[in-house]
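Here the structure is laid out as structure tokens; the discussion comes afterwards.
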Amino acid sequence: MGTSLLEVDNIKKYFPINEGKFGRKSGEVKAVDGVSFSINEGETLGLVGESGCGKSTTGRMLMRLIEPTDGRIVFSGKDITNLKTNELRKMRKDIQMVFQDPFASLNPRHTIGRIIEEPMIVHKLYGSKQERQNKVQELLEVVGLNSYHAKRYPHQFSGGQRQRVGIARALAVNPKLIIADEPVSALDVSVQSQVLNLLQDLQKKFSLTFLFIAHDLSVVRHISDRVGVMYLGKLVEIGDSDQIYNHPKHPYTQALLSAVPIPNPNTKSERIILSGDVPSPANPPKGCAFHERCPLAIDKCQSVLPELISLDNGRHVACHLYQNKEESRV
Ligand code: SF4
């Protein structure tokens with residue numbers, strides 16, 4: 001794995017809650033509340049958690065589609081947190097997104113050829129229309145479609161084919177980092193693995209780096225080198241994929257994984273049923289945000305927020321059960 005491509009340092013996104021006739025601010029939703037991680041060149045970091053945990057907001061902040069409330073984002077050694085319009089446009093050439101719903105993210109009135117060509121026009125790549133069209137043909141073949149598909153419209157494709165178009169569009173500007181936000185969750189299970197295999201092949205072919213956001217842990221395992229688990233706007237565990245899947249430390253990670261079907265029927269695993277719902281990020285519980293649902297909570301959990309601390313081999317966990325071990329803060 002290469003050197004660090006992306007460094008995210010304590011990013012936050014608080015959305016104001018406005019109420020009353022004059023829209024006065026009455027509170028805030030802490031959608032992302034102090035998240036830090038890094039991704040190395042050529043690596044895939046999976047970001048998982050239940051709906052509303054802040055993982056998609058985190059992905060969109062990295063693209064600056066949502067402005068962070070606080071924190072710092074460094075990409076390719078450059079601080080991109082406060083880039084202005086022109087520089088931001090240049091940066092977006094290097095960071096591309098693949099979205100969950102391929103149909104909603106493709107303009108239904110444009111041909112597939114035009115959809116894939118458009119980012120090349122925006123970023124002034126290639127000297128002539130012919131060169132751009134040649135590139136479109138090449139990209140269609142790279143993602144497993146045919147060059148004649150360029151003349152067709154999004155509604156003429158299946159969900160899996162549309163996601164291939166979305167991937168071709170992201171590749172059109174030769175990005176370094178791809179943020180894939182639930183890219184297979186709208187697809188049939190049989191098609192999911194085809195798209196995941198395609199992403200892995202493209203990663204090797206184009207030396208891509210991925211941030212792969214998903215709620216389905218089995219999907220993330222398939223593709224990730226490392227995995228970060230989010231709960232209520234915070235990262236609660238992050239580490240090597242095998243480490244996390246084989247020996248999860250955080251009680252929330254343990255509960256999430258206990259719900260994932262095991263391929264080997266001889267391996268027994270007890271399902272951990274969590275009580276209650278995810279609390280509102282507008283009114284998070286004091287102490288550990290997970291304490292109301294945690295089967296292992298101790299007194300301290302109700303009042304003291306656990307820090308993300310370093311355990312074994314680069315794994316970090318935010319849980320009081322590990323705070324007394326030999327540790328160092330991130
Ligand atoms: Fe559970 Fe306490 Fe650990 Fe939170 S800090 S996960 S409540 S044991």
Side-chain angles (χ1 to χ4, degrees), residues 8-14 28-37 45-58 70-71 213-218 220-221 224 226-260 262 269-330:
V8 176
D9 183 17
N10 202 25
I11 49 164
K12 298 177 182 171
K13 182 64 196 180
Y14 297 172
E28 48 196 7
V29 173
K30 295 180 175 178
V32 178
D33 194 15
V35 166
S36 302
F37 59 83
L45 175 69
L47 207 51
V48 296
E50 290 163 287
S51 171
C53 71
K55 54 193 190 304
S56 290
T57 305
T58 301
D70 200 2
I213 297 166
H215 67 278
D216 185 338
L217 275 89
S218 42
V220 172
R221 179 178 201 165
S224 304
R226 285 188 304 133
V227 173
V229 181
M230 285 186 72
Y231 186 79
L232 213 65
K234 290 183 186 297
L235 209 47
V236 295
E237 180 161 7
I238 185 166
D240 177 79
S241 184
D242 288 339
Q243 237 179 6
I244 298 268
Y245 280 90
N246 296 330
H247 306 287
K249 295 279 190 190
H250 195 282
Y252 178 60
T253 317
Q254 290 170 351
L256 281 185
L257 278 170
S258 77
V260 174
I262 298 170
S269 157
E270 211 171 301
R271 173 102 192 250
I272 302 167
I273 309 285
L274 292 177
S275 57
D277 295 323
V278 181
S280 164
N283 187 22
K286 278 204 177 109
C288 173
F290 187 55
H291 82 256
E292 291 167 349
R293 306 174 75 198
C294 180
L296 303 175
I298 52 177
D299 285 351
K300 190 180 179 185
C301 305
Q302 295 177 27
S303 53
V304 183
L305 179 70
E307 300 278 348
L308 196 63
I309 54 142
S310 171
L311 291 182
D312 47 348
N313 301 323
R315 186 214 302 252
H316 293 81
V317 181
C319 174
H320 290 310
L321 300 179
Y322 304 96
Q323 304 275 315
N324 295 328
K325 309 249 163 79
E326 262 191 51
E327 61 201 28
S328 62
R329 280 188 56 186
V330 179

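Just so you know, ligand 1 is whichever comes first in the structure, and atom 1 is the first atom listed for that ligand.
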Checklist entry - Would Val220 and Tyr245 count as a side chain to side chain contact (heavy atoms under 4.5 Å, CB included) if you check the C-alpha gap in whole Å, the side-chain angles of each, and the deciding distance to 0.1 Å? => result CA-CA 10 Å; Val220 172; Tyr245 280 90; 3.8 Å; yes
Item to check | Where Val32 and Gly54 come nearest, the two heavy atoms and their spacing | outcome: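 Taking every non-hydrogen atom into account, CG2-O, 3.4 Å.
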Using a strict 4.0 Å cut-off to heavy atoms of [X], name the atoms of ligand 1 that fall inside it.
X	value
Leu321	8 (S)
Phe290	6 (S)
Cys294	1 (Fe), 6 (S), 7 (S), 8 (S)
His250	6 (S)
His291	7 (S)

Next on the checklist: Below 2.8 Å, can you find an N, O or S atom of Cys301 next to atom 2 (Fe) of ligand 1?
Outcome noted: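 Yes, since at least one N, O or S atom of Cys301 sits under 2.8 Å from atom 2 (Fe) of ligand 1.
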Can any side-chain N or O of [X] pair as donor or acceptor with the backbone N or O of [Y] at less than 3.5 Å?
X	Y	result
Glu237	Ile244	no
Arg293	Leu274	no
Tyr252	Val229	no
Glu307	Gln323	no

Item to check | Protein heavy atom at shortest distance from atom 4 (Fe) of ligand 1 | outcome: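 Heavy-atom neighbour on the protein nearest atom 4 (Fe) of ligand 1: Cys288 SG, 2.4 Å.
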Item to check | Heavy-atom nearest neighbour in the protein, as seen from atom 3 (Fe) of ligand 1, with distance rounded to 0.1 Å | outcome: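 Looking only at protein heavy atoms, the one closest to atom 3 (Fe) of ligand 1 is Cys319 SG, 2.3 Å.
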Checklist entry - Quick check: does His320 put an N/O/S atom under 2.8 Å from atom 3 (Fe) of ligand 1? => result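 No.
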Item to check | Mutual orientation of the aromatic rings belonging to Phe290 and Tyr231 [parallel < 30°, tilted 30-60°, perpendicular > 60°] | outcome: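 Ring orientation of Phe290 relative to Tyr231: perpendicular.
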